[in-house]
Amino acid sequence: MSMQIPRGTQDILPEQAAIWQYIESVSRDLCRKYQYNEIRTPIFEHTEVFQRGVGETTDIVQKEMYTFTDRGDRSLTLRPEGTAAVVRSFVENKMFGWATQPVKLFYNGPMFRYERPQAGRFRQFVQFGVEAIGSADPAIDAEVVSLAMNLYKALGLKELKLVINSLGDIESRTAHRKALIEHFKPHIGEFCSDCQNRLEKNPLRILDCKKDRENELMSTAPSIFEYLNDESRAYFDKVLQHLDAMNIPYTVDATLVRGLDYYNHTAFEIMSNAKGFGAITTLCGGGRYHGLVEDFGGPEVPGIGFALSIERLIAALEAEGVTLPIEQATDIYVVALGDAAKDYSVKLVNELRQNGFSVDKDYNNRKVKAQFKAADRAKARFVAVLGDDELNNNKITLKNMESGEQKELNLSSFIEEFKKEQQ
Ligand code: HAM
């Protein structure tokens, strides 16, 4: 029997949860500025959604999915990523018919991949992601990249590196694919079994293999740039021009290959350059996907998006020593001594909360000194002290914990007087 947390998952305890909430609020605020609206899709989908969407030859589909059969004998999978599910929903809800195009969506939620856990790699992790579906304007590619960069910047990260590539359109990709097969085929015996399988199915993924990284044929492999047709090249140039106009620095890297099958044209990743950041430096990945909406039975509608995990974002904040401005103060802590005062404090705390204040009191029968200590730990701005004598005389003492100033107030009009103290 195992009563411990499953490998690759984590508990987010209250102090950490405050950091998560802060990040979520900054990302929501940014999405409002960029006019991306939230979508919430189920945690599990029919397995085909990811098989078809993410691609049969990817590591995700071949090795990493949490797939199970439900009691109705259906094969379901805990979502390993958001894009396929969002596109499924886009088609199912006929969003291509909505008046506002492109449809700009964001999501924030847990994803599941059966990977080998290590720093920055979990089996359950939270992705914040966006998808803009319904436009093939290079300006939207630049918008999506800038949203990701600006989220990191808004949180105080500085050591960022944006790497960008074009995978070209279908014509360019087909030509490049052919060249890759010709390049690797004579020596494919030197490569791992995964790469041997990939050769005919998806040779681009060979470039992304971690096991065969050192093989000489990797660095001499034909570059996609030699195979980009004029249209794809012009598209990519326009994306870069828009990034320049927004002063977003980038590195073009023709070897950047994403681990999912649906990409074409723009592909990008954002890495952390921070010293002390673990071996996995990719914070965010995204790109354009033409054809995915059609794969799901929808019309020919192009899309682009990215996803980033909050776990890696928090690790980058830690590596750069950024502390977030998180305020966890309590407006007022009610210290009570004596049975009658304690009873009264229950009612008082309730009234204060109903008036919008964050309030706490002692529930462990502590002595006055210990109650003040608890008030300090709760970062209380004020402490109200109520004893049985004060109760009898309709009085209560209010202490401003910052200035140390103390006042005696009328108990019956306490809430009104306390409100005045806030001004
Ligand atoms: P991905 O590159 O598989 O792309 O994942 C995106 C990000 O999710 C990664 O850069 C990383 O921050 C985070 N991530 C992935 N796996 C893990 C893990 N095991 N533990 C912690 N974090 C992880 C996608 O998922 C695409 N759906 C992105 C996209 C959206 N493309 C277009 N639209």
Side-chain angles (χ1 to χ4, degrees), residues 6-10 12 23 27 36 39 41 45 49-50 53-55 58-61 63-66 78-90 102-133 140-141 143-145 147-149 151-152 157 160-165 167 205 208 256-272 277-293 302-317:
R7 241 164 87 71
T9 67
Q10 55 178 349
I12 314 283
I23 294 170
S27 63
Y36 283 69
I39 180 163
T41 61
E45 296 270 352
V49 168
F50 303 112
V54 177
T58 58
D59 283 353
I60 294 181
V61 170
K63 305 178 190 162
E64 297 171 359
M65 295 206 302
Y66 280 90
L78 298 185
R79 59 184 186 188
E81 60 105 50
T83 312
V86 169
V87 170
R88 194 266 311 135
S89 175
F90 179 87
V103 176
K104 303 204 291 185
L105 304 166
F106 80 87
Y107 50 89
N108 197 71
M111 307 291 162
F112 306 84
R113 296 185 193 178
Y114 191 78
E115 293 197 83
R116 198 168 52 78
Q118 63 184 97
R121 181 174 286 152
F122 297 88
R123 289 185 172 165
Q124 175 175 333
F125 54 98
V126 173
Q127 275 189 347
F128 163 73
V130 311
E131 311 293 345
I133 312 178
I140 200 103
D141 300 43
E143 174 177 285
V144 163
V145 172
L147 199 164
M149 290 299 278
L151 174 62
Y152 290 129
L157 287 180
L160 299 168
K161 183 177 171 189
L162 167 64
V163 179
I164 193 162
N165 187 19
L167 302 172
R205 294 273 299 119
D208 202 27
L256 175 77
V257 179
R258 304 266 307 119
L260 303 93
D261 276 356
Y262 45 64
Y263 294 112
N264 37 48
H265 287 285
T266 314
F268 69 95
E269 288 189 352
I270 301 171
M271 330 275 189
S272 170
F277 195 72
I280 301 173
T281 56
T282 306
L283 298 177
C284 167
R288 183 162 271 289
Y289 43 88
H290 293 186
L292 194 55
V293 175
I304 177 159
F306 71 76
L308 58 89
S309 76
I310 309 295
E311 289 81 358
R312 288 193 196 169
L313 164 53
I314 291 175
L317 290 169

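First listed ligand is number 1; within each ligand, the first listed atom is number 1.
Here Phe112 has no heavy atoms under 4.0 Å from ligand 1, in either its backbone or its side chain. When non-hydrogen atoms are compared, ligand 1 lies under 4.0 Å from the backbone of Ser309 as well as from its side chain. Contacts between Arg258 and ligand 1 below 4.0 angstrom, taking non-hydrogen atoms only, involve the side chain exclusively. By the criterion of a heavy-atom distance under 4.0 Å, neither the backbone nor the side chain of Ile304 is placed next to ligand 1. Heavy atoms from both the backbone and the side chain of Arg121 come within less than 4.0 Å of ligand 1. Residue contacts with ligand 1, taken as heavy atom pairs separated by less than 4.0 Å, involve Gln127 solely via side-chain atoms from C-beta onward.
For ligand 1 and Cys284, the ligand atoms under 4.0 Å from any heavy atom of the residue are 10 (O). Taking every non-hydrogen atom of Gly286 and a distance limit under 4.0 Å, the qualifying atoms of ligand 1 come out as 31 (N). Listed by number with element, the atoms of ligand 1 under 4.0 Å from a non-hydrogen atom of Gly285 are 10 (O), 28 (C), 29 (C). Taking every heavy atom of Tyr262 and a limit of under 4.0 angstrom, the matching atoms of ligand 1 come to 26 (C), 27 (N), 31 (N).
Selection from Arg113, Glu311, Glu131, Gln118 by nearest heavy atom to atom 3 (O) of ligand 1 gives Arg113. Residue Phe125 holds the heavy atom nearest to atom 16 (N) of ligand 1 of all those in Phe125, Phe268, Tyr107. When the options Gly129, Gly303, Gly120 are ranked by their closest heavy atom to atom 21 (C) of ligand 1, first place goes to Gly120.
Salt bridge status for Arg113 with Glu81: absent, with no side-chain N to carboxylate O gap under 4.0 Å.
Taking the side chain as every heavy atom from C-beta outward, Asp261 and Val61 never approach each other to under 4.5 Å. Contact check for Phe306 versus Val130: side-chain heavy atoms found under the 4.5 Å cut-off.
In terms of polar-atom proximity, Val130 is not counted as a contact of ligand 1, lacking any N or O under 3.5 Å from an N or O of the ligand.
The side chain to side chain contact (heavy atoms under 4.5 Å, CB included) search around Asn108 returns Glu24, Val126, Phe128, Ile310, not counting sequence neighbours. Every residue meeting the side chain to side chain contact (heavy atoms under 4.5 Å, CB included) condition with Ala307, not counting sequence neighbours, appears here in chain and number order: Tyr107, Gln127.
The protein heavy-atom contact nearest to atom 11 (C) of ligand 1 is Arg312 NH1, 3.4 Å. Gly305 O, 3.2 Å is the protein heavy atom nearest to atom 32 (C) of ligand 1. For atom 27 (N) of ligand 1, the closest non-hydrogen atom of the protein is Glu81 OE1, 2.5 Å. Of all protein heavy atoms, the one lying nearest to atom 12 (O) of ligand 1 is Leu283 O, 2.8 Å. Closest protein heavy atom to atom 20 (N) of ligand 1: Phe122 N, 3.0 Å. Of the protein's non-hydrogen atoms, Glu115 OE2, 2.6 Å is the one closest to atom 19 (N) of ligand 1. In terms of protein heavy-atom proximity, atom 7 (C) of ligand 1 is closest to Ala307 O, 3.4 Å. Of the protein's non-hydrogen atoms, Tyr263 OH, 2.6 Å is the one closest to atom 31 (N) of ligand 1.
Taking a 6.0 Å sphere around OH of Tyr114, one finds it holds 12 or fewer heavy atoms contributed by other residues, nucleotides or ligands.
The backbone N or O of Thr282 lies less than 3.5 Å from a partner atom in the side chain of Arg312, making a donor-acceptor pair. Remark: side-chain polar atoms of Tyr152 are not paired, donor with acceptor, to backbone N or O of Ile270 under 3.5 angstrom.
Paired with Tyr36 under the rule side chain to side chain donor-acceptor pair (under 3.5 Å), one option of Lys104, Glu143, Glu131 passes, and it is Glu143. Here the options are Arg116, Arg258, Arg205, the test is salt bridge (charged side-chain N to carboxylate O under 4.0 Å, His left out), and the partner is Asp59; only Arg205 passes. Each of Asn264, Asp141, Thr266 was compared with Arg288 under the side chain to side chain donor-acceptor pair (under 3.5 Å) criterion, and only Asp141 meets it.
Side-chain N/O atoms of Thr83 and Tyr289 include no donor and acceptor closer than 3.5 Å.
Below 30°, between 30° and 60°, or above 60°: for His265 and His290 the angle between ring planes is between 30° and 60°, a tilted geometry.
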